[in-house]
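Note on naming: letters A, B, ... go to the chains in the order of the sequence lines (proteins, then strands), and numbering restarts at 1 for each one.
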Number of protein chains: 2
Amino acid sequence: MSSPAYTRLENDERRRQLVALGERLFTENAFDEISMAAIAREAGISKALLYHYFPSKRDFFAATLAEGAEALRLAVEPDPDAAPAEALLASLAAYLRWVEEHRDSYAKLMRSVATVREARELVDQVRDLTAQRVLDGLAGGSGAPLPPTARIAVRGWLWFLDGAILDWLDGGDVAREELLGLLVGTLLGALTAAGAGDLLQAAADG
Amino acid sequence: MSSPAYTRLENDERRRQLVALGERLFTENAFDEISMAAIAREAGISKALLYHYFPSKRDFFAATLAEGAEALRLAVEPDPDAAPAEALLASLAAYLRWVEEHRDSYAKLMRSVATVREARELVDQVRDLTAQRVLDGLAGGSGAPLPPTARIAVRGWLWFLDGAILDWLDGGDVAREELLGLLVGTLLGALTAAGAGDLLQAAADG
DNA sequence: CGTCTTGTCAACCAGCGGTCAGGAACGACG
DNA sequence: CGTCGTTCCTGACCGCTGGTTGACAAGACG
């Protein structure tokens, strides 16, 4: 009599299609600038089907984030055999490389940090982990306990990192290696000011 | 026959009452955690009256911010007669003092930065102004143009500032003067790494 | 053919920010 | 005392949001 009212898709295929669409839409629009109804319309399906695949809008957003987050985590994973300072340097370089290649995703993530709990948790996790790694690397270099200012220095430096990267992406007038030098130099300066500069040196030498 | 259905208040008095209530509620809850209906309920008035006094929720939020923002701006205003480096130091110290005295407001502001355009504009304004002041102070110390890395260093440092302050408020284990030293030392370190450390020295000496 | 699972949709819900026509309080005036 | 006008105030409503429900269509299997 007529063409079918809709076409069935395999579960996984539909899911992949929706995640891919979400990656695009959430990069073009901020989290609350686009409604689930609009997303469903764009996908050519009903809103209810979208909710069939993802229990909530935030879950959907998190799903569009997950793939990239995993890739980033792998890229940044430090080499356990290298000296702490070298491992940090390598991770940092990998981080910048990833950001440069996925600048839209990175900007999206930073923009949504305060709005979406999932995004905030992701960034916080990465910050906590990184800060802990840096502090461990420092403390491992000597037996002395770290002053609390060292903690503030490292955690503040992670903010510096993201702020500098955002400005770097915005400006486009600085090479990646140059930024890397600025980041490392600033960490050194912050740790020196925190009274833990010698530990960094020791960690670098050791 | 019966008691009045509601009591009338003078325009200004009602407005003050609402702003005071907003300051409390927005400190206890994030911007989108509390609805205008709930605020009106808390104030014992109708939602329409709330909208009679403030054209939108964001305007209402901005009104609750305005008083503190103005006080902060005054406190941070640098002494035009002082040398750039000293003026910066004084402003920074005033900033920390203000944050310590209004930690709830500060945390509220930082939490709402990405959600509320008005808050974002406020923080951006302060950052831009501060960055410009610092850069001008540096450039004034010599005729040489600043490298783009210096811009990134200063703007990144402002992120460091807020990140460090949040951690500082969280920890409570570091004195204000110590934090001040860390901040100044980090700026010095960042500018040195950006190849503009000599300019800072010149500005401090000049 | 029937039946069972899976995929789909229209219609609906409570709550949101925001609007509007009109009622109720109160000071002024006869 | 009445009543009148100003101004402060309200209940009902709007379009939209994220999220839910129940019924039905498509295809696989016997």
OP1 or OP2 of dG18(D) less than 4.0 angstrom from a side-chain nitrogen or oxygen of R58(A), does that happen here?
no
Between dC9(D) and dG5(D), how many Å separate the two C1' atoms, rounded to a whole number?
16 Å
Counting heavy atoms from C-beta on, name the nucleotide in dG17(C), dG19(D), dC9(D) closest to the side chain of Y51(A).
dG19(D)
Phosphate oxygens OP1/OP2 of dG15(C): is one of them under 4.0 Å from a side-chain N or O of S35(B)?
no
Taking the cut-offs as 6.0 angstrom to the six-membered ring centre and 45 degrees off its axis, would you call R127(B) and W159(B) a cation-pi pair?
yes
Between dT8(C), dG19(D), dT6(D), which nucleotide gets closest to the side-chain atoms of S56(A)?
dG19(D)
Within this structure, what is the CG-to-P distance between L49(B) and dG18(C), rounded to whole angstrom?
16 Å
I39(B) near the nucleic acid: base, sugar-phosphate alone, or nothing, with a heavy-atom cut-off under 4.0 Å?
nothing
Spacing of D32(A) atom CG relative to dG15(C) atom P, expressed in whole Å
20 Å
Between N11(B) (CG) and dC8(D) (P), how many Å, whole number?
5 Å
Listed nucleotide nearest any side-chain atom of H52(A), set dG18(D), dG7(C), dC9(D)
dG7(C)
More 5' along DNA chain C: S46(A) or R41(B), using each one's nearest nucleotide?
S46(A)
On DNA chain C, more 5' by nearest nucleotide between T7(B) and P55(B) is P55(B)
Exercise: do D59(B) and Y53(B) side chains pair donor with acceptor under 3.5 Å
no
Can you tell me if the side-chain N/O atoms of Y53(B) get under 4.0 Å from OP1 or OP2 in dC8(D)?
no
Tell me whether R14(B) is salt-bridged to E10(B), with the criterion being a basic N under 4.0 Å from an acidic carboxylate O.
no
Identify which one of R151(B), R155(B), R133(B), R120(B) satisfies the salt bridge (Lys or Arg N to Asp or Glu O under 4.0 Å) criterion when paired with D128(B).
R155(B)
Under 4.0 Å between a side-chain N/O of R14(B) and OP1 or OP2 of dC9(D), yes or no?
yes
Roughly how many Å is it from CD in E13(A) to P in dT6(C), rounded to a whole number?
17 Å
Separation of dG11(D) P from Y6(B) OH (nearest whole Å)
10 Å
Mapping A48(A) and A37(A) onto DNA chain D by nearest heavy atom, which one lands closer to the 5' end?
A37(A)
Picking from dC8(D), dT10(D), dG17(C), which would you name as closest to the side chain of K57(B)?
dG17(C)
Length of the line joining E10(B):CD and dC9(D):P, which is rounded to integer Å
10 Å
Comparing K47(B) and L9(B) on DNA chain D - which has the more 5′ nearest nucleotide
L9(B)
Nearest whole Å is fine: how far is dG19(D) P from F60(A) CZ?
12 Å
Between K57(A) and F31(A), is NZ or CZ placed under 6.0 angstrom from the six-membered ring centre and within 45° of the ring axis?
yes
Once you round it to whole Å, what is the distance between P of dC16(C) and CG of L50(B)?
13 Å
Between R97(A) and E101(A), does at least one N-O distance fall below 4.0 Å, as a salt bridge requires?
no
